[in-house]
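Below, chains carry the letters A, B, ... as their sequence lines are ordered, and counting in each starts from 1.
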2 protein chains.
Amino acid sequence: MQLWYAKCMGSRDFRQYCGLARALELVGERWGLLVIRELLARPCRYTDLRESLPGIPTNVLSARLKELEEAGIAERLLAPAPQRGVVYALTEAGRGLEPAVLALARWGSTQLGAQQPGELVPASTLALTLRAVFNPDAAHGLNASWEIRTAGIALYATVSDGQLATGVGSAPGEPDLVIAVQADEVPTFREILQAAGEGKAELTGRQDLLATFLRCFAPPRA
Amino acid sequence: MQLWYAKCMGSRDFRQYCGLARALELVGERWGLLVIRELLARPCRYTDLRESLPGIPTNVLSARLKELEEAGIAERLLAPAPQRGVVYALTEAGRGLEPAVLALARWGSTQLGAQQPGELVPASTLALTLRAVFNPDAAHGLNASWEIRTAGIALYATVSDGQLATGVGSAPGEPDLVIAVQADEVPTFREILQAAGEGKAELTGRQDLLATFLRCFAPPRA
DNA sequence: CTGCATCCACTTTGATACTG
DNA sequence: CAGTATCAAAGTGGATGCAG
């Protein structure tokens, strides 16, 4: 291309030998980390991402996916057996972003304030919040799995030997306890905990695991 | 004239009730977290920031500072005693970003590769790297302070009862050990460790604390 | 349908010049 | 020292087009 083009592309770089600067060059652009949030919760098709990220222009989504793929953070896969088409998933390097995403999400949660009208709660946010508030001490040596159903979405949390896995959709395998919360819009995590704590959730399965759930996922004292 | 657009469109809100989304709205714009990196290492005047962030347009720096101030993340203070003028510093909320910044920096460090010609190492990056690689176990109960001098910059690391503080500039109080490394350009953290480990650094003070330093700040095994 | 590409209005950025 | 002003270029948001 032309000289000015090369020069300006270079200006997307910060020209600093710094881990933070490199991270921001790779995933710091608009919508970048939100795409990664979705992919942390499950492999996604293009259309899943568009639905989970209302407001993202399709060309921007397209561009971000291309960049993430080139950077080795995400990969484009042919969807397995029953479906067909394309799915995007994180690579090992991409999954390495989880601690950073959780740390940002924890800080941002302190800045959230009250839910504004028109602000939706993405299902992936709930899956991530489960990881963000997880208390490993309370789950030491535990084996259990839960599925939360509300407002037409499902998410799961599985603890194997104290190790947590969460995601959007149904758990791989039967959940030990299904927690169903009636709602029109996706509720906040706080609202889910409250409903479960107050007995307003419909429980299916090992009901004794409700208390365990509340212990493992109690958010930090406010 | 479509003022109706201006409201919905130019708005940088993601319209999601999500900690990650809120964090990105507040500090996710270009240069935002790099400004915060500088302020994590020391209070800065406007000119300090311009010098530490070569390439940042002055109007963008101006805009970011205004946004950070409005968000309650940074504050504009009158410089104390000897100097005068303005300094910017993080608020309590701003300092809360440290875990997220460190997590991003740790991930980005794995993506750094070799230093490219023209890529500088900001002093604030070294101060942050000290925190990122700090090994609290190795420093349990320790009291010690170091100052690193190289290529015209200084940074310090102070451990009080095992608690770490680092920053750009001279330590508050006399450092127990000064580690001076000859260099024209600011070296990488790896290069500093290597020079210190190979006896190529000039030591002033309690030389026995060199081994302690290397133990406390050994980067994760590669 | 899915998975993008293209067009266009508008915004933000980057580079430079300038001021109290 | 601590910013503002200006302007071209790149990026974003929104709508639409279109092939498989």
Nucleotide [N], atom [atom2] - distance to [atom1] of [X] in whole Å:
X	N	atom1	atom2	value
B/R30	C/dT12	CZ	C1'	11 Å
A/L24	C/dT13	CG	P	14 Å
A/I56	D/dT12	CD1	P	10 Å
A/E67	D/dG11	CD	C1'	11 Å
B/L61	C/dA15	CG	P	14 Å
B/R84	D/dA2	CZ	C1'	13 Å
B/E51	D/dA2	CD	C1'	13 Å
B/R15	D/dG14	CZ	C1'	15 Å

Given side chains that start at C-beta, do those of [X] and [Y] come closer than 4.5 Å, heavy atoms only?
X	Y	answer
B/W31	B/L53	yes
B/V86	B/L77	no
B/I192	B/L126	yes
B/Y17	A/L120	no
A/L20	B/T125	no

Under the side chain to side chain donor-acceptor pair (under 3.5 Å) definition, can you give me all pairs with a residue in residues 48-62 of chain A, not counting sequence neighbours?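 Qualifying pairs: A/E38-A/S52, A/R42-A/S52.
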Does OP1 or OP2 of [N] have a side-chain N or O of [X] closer than 4.0 Å?
X	N	result
B/W31	C/dG14	yes
A/R64	D/dT12	yes
B/K66	D/dA2	no
A/Y88	C/dC4	yes
A/S62	C/dG3	no

Contact list for DNA chain C against residues 68-76 of chain B - heavy-atom distance below 4.0 Å: none
Of A/G85 and B/E29, whose closest DNA chain C nucleotide lies nearer the 5' terminus?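 It is A/G85 whose nearest nucleotide is closer to the 5' end.
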State whether a side-chain donor-acceptor pair under 3.5 Å links B/R190 with B/Q115.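 No, no side-chain donor-acceptor contact under 3.5 Å.
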Quick one about B/S170 and B/E147 (side-chain donor to acceptor, distance below 3.5 Å, no hydrogens or angles considered), yes or no? yes
Testing D/dG11, D/dT4, D/dG13 for proximity to the side chain of A/V60, the answer is D/dG13
Expected output is a numbered-order residue list: members of residues 32-47 of chain A with a heavy atom under 4.0 Å from any atom of DNA chain D. What is it? none
Residue pairs, two or more places apart or on separate chains, that pass salt bridge (charged side-chain N to carboxylate O under 4.0 Å, His left out) and touch residues 123-132 of chain B: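 Those involving residues 123-132 of chain B are B/E98-B/R131.
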On the ring face of B/F14, is A/R30 found with NZ or CZ under 6.0 Å from the centre and within 45° of the axis?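 Pair A/R30/B/F14 counts as cation-pi.
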Where do B/R64 and B/E67 land on the salt bridge (charged side-chain N to carboxylate O under 4.0 Å, His left out) test, with the steps shown first? CA-CA 5 Å; B/R64 293 296 162 270; B/E67 291 156 15; 3.1 Å; yes
What's the verdict on side-chain contact (heavy atoms from CB on, under 4.5 Å) for B/L104 and B/L33, showing C-alpha distance, side-chain angles and the deciding distance? CA-CA 10 Å; B/L104 272 170; B/L33 280 174; 3.8 Å; yes
Criterion ring pair (Phe, Tyr, Trp, His ring centres under 6.0 Å) against A/F213, the qualifying member of A/Y156, A/F134, A/W146: A/W146
Please list, pair by pair, any protein nitrogen or oxygen found under 3.5 Å from a nitrogen or oxygen in nucleotides 16-20 of chain D.
none

Rounded to 10°, the angle between the first-five-pair and last-five-pair axes of the helix from C/dC1-D/dG20 to C/dG20-D/dC1 is 30°
Salt bridge (charged side-chain N to carboxylate O under 4.0 Å, His left out) between A/R95 and A/E92: does it pass, once the steps are laid out? CA-CA 5 Å; A/R95 286 189 291 275; A/E92 187 60 33; 2.8 Å; yes
Report the C-alpha distance between A/Q16 and B/R37 in whole Å, list the side-chain angles of each, state the deciding distance to 0.1 Å, and finish with yes or no for side chain to side chain donor-acceptor pair (under 3.5 Å). CA-CA 13 Å; A/Q16 300 185 353; B/R37 180 193 70 192; 2.8 Å; yes
Got a donor-acceptor pair under 3.5 Å from the side chain of B/N59 to the base of C/dG14?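 Flag set: donor-acceptor pair detected.
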